[in-house]
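What follows is one structure encoded as structure tokens, with my remarks underneath.
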Amino acid sequence: MPPNIFWASNHYEHPPLTDEAILWAQSLLGVQLPPELVALLRIQNGGYTQGFAHPMPRPTTWAKDHVPLDDLSGILESQHPSPMNLALTPELTIEWGLPPNQVLLSGDGHYWITLDYRGGPVPSVAWIDVECGEDFQIAPTFSAFLEGLVPASQYSDAECSPASPPPP
């Protein structure tokens, strides 16, 4: 995935990523962020993507064969509020009852795409839907995740709706 075709709108007007912000976020989150993620955030510090999906070998609550990547969080300090912020991970992890050692890349609370550090210092990318008990690996690394992205337009609108409703 060439980084220059990854991004669409910077709707929340995120400021450019700085070296200081990267160090601050890594300290806050207690992880080393993948260099491929940092490279993308240096082009645009989070926001909406061109509209991607990642094929899945099993159904999820999103669809029978893929998960969405419509946006990707940036690194923002508190003076610039935005819902697309990796620094919100600690509070959102508590709020949504997520497993530990995650960095939230994208999601709306009902589902999340995360950097999953439960296996060690090099994260995999996971799909987590706490309400429905889903916790699946999407890709073994962030790089592999990026390589697996396809235009969301490859899937019909019917396939882009949740595969099953959340439990009552």
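Please read all numbers here as calculations on a predicted model, not as lab measurements.
Side-chain polar atoms of T60 and E134 form no donor-acceptor pair below 3.5 angstrom.
Each side-chain hydrogen bond (donor to acceptor under 3.5 Å, both in side chains) pair with one or both residues in residues 39-53, not counting sequence neighbours, appears once here: D19-R42.
Looking at F145 and L69, their side chains come closer than 4.5 Å, going by heavy atoms from C-beta outward. With contacts defined as side-chain heavy-atom distances shorter than 4.5 Å, the pair L40/F142 qualifies. Looking at heavy atoms from C-beta onward, I43 lies in side-chain contact with W7 at the 4.5 angstrom threshold. With a 4.5 Å cut-off on side-chain heavy atoms, H54 and H66 do not count as touching. With contacts defined as side-chain heavy-atom distances shorter than 4.5 Å, the pair P123/P34 qualifies. Side-chain contact check for L72 versus F6: some heavy-atom pair is nearer than 4.5 Å. The closest side-chain heavy-atom distance from Y155 to D65 is below 4.5 Å.
Under a 3.5 Å cut-off, the side chain of Q137 and the backbone N or O of S124 do not form any donor-acceptor pair. Not a single donor-acceptor pair under 3.5 Å links the side chain of N85 to the backbone N or O of I75. One N or O on the side chain of T89 and one on the backbone of L86 form a donor-acceptor pair closer than 3.5 Å.
S153 meets the side chain to side chain contact (heavy atoms under 4.5 Å, CB included) test with P151; sequence neighbours excluded.
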Donor-acceptor pairs under 3.5 Å, side chain of residues 94-104 to any protein atom, not counting sequence neighbours: which ones?
unit_1	atom_1	unit_2	atom_2	d
Q102	OE1	T114	OG1	2.4
Q102	NE2	P100	O	3.3
Q102	NE2	D116	OD1	3.1

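Both I113 and V38 are assigned to one and the same hydrophobic cluster, defined by single-linkage of ILVMFWY side chains at heavy-atom distances under 4.5 Å. Note on W62: it clusters hydrophobically with F136, by side-chain heavy-atom contacts below 4.5 Å among ILVMFWY residues. A continuous path of hydrophobic side-chain contacts links L115 to F52 [ILVMFWY only; heavy atoms under 4.5 Å]. In this structure, L105 is a member of the same hydrophobic cluster as L28, with clusters built from ILVMFWY side-chain heavy atoms closer than 4.5 Å. No continuous path of ILVMFWY side-chain contacts below 4.5 Å connects M84 to W112, so the two sit in separate hydrophobic clusters.
A distance of 5.0 Å separates CD in E91 from CG in L88, rounded to the nearest 0.5 Å. Atom CG in D129 sits 9.0 Å away from atom NE2 in H110 (nearest 0.5 Å). From L17, atom CG reaches atom CD of E20 across 9.5 Å, with rounding to the nearest 0.5 Å. The structure places OG of S27 at 13.5 Å from CD1 of I22, a figure rounded to the nearest 0.5 Å.
Residues A126 and D135 come closest through the heavy atom pair CB-OD1, 4.5 Å. Contact detail for D71 and G107: the closest heavy-atom pair is OD1-N, 4.3 Å.
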Please step through side chain to side chain contact (heavy atoms under 4.5 Å, CB included) for the pair V125 and T141, ending with a clear verdict. CA-CA 6 Å; V125 177; T141 63; over 6 Å; no
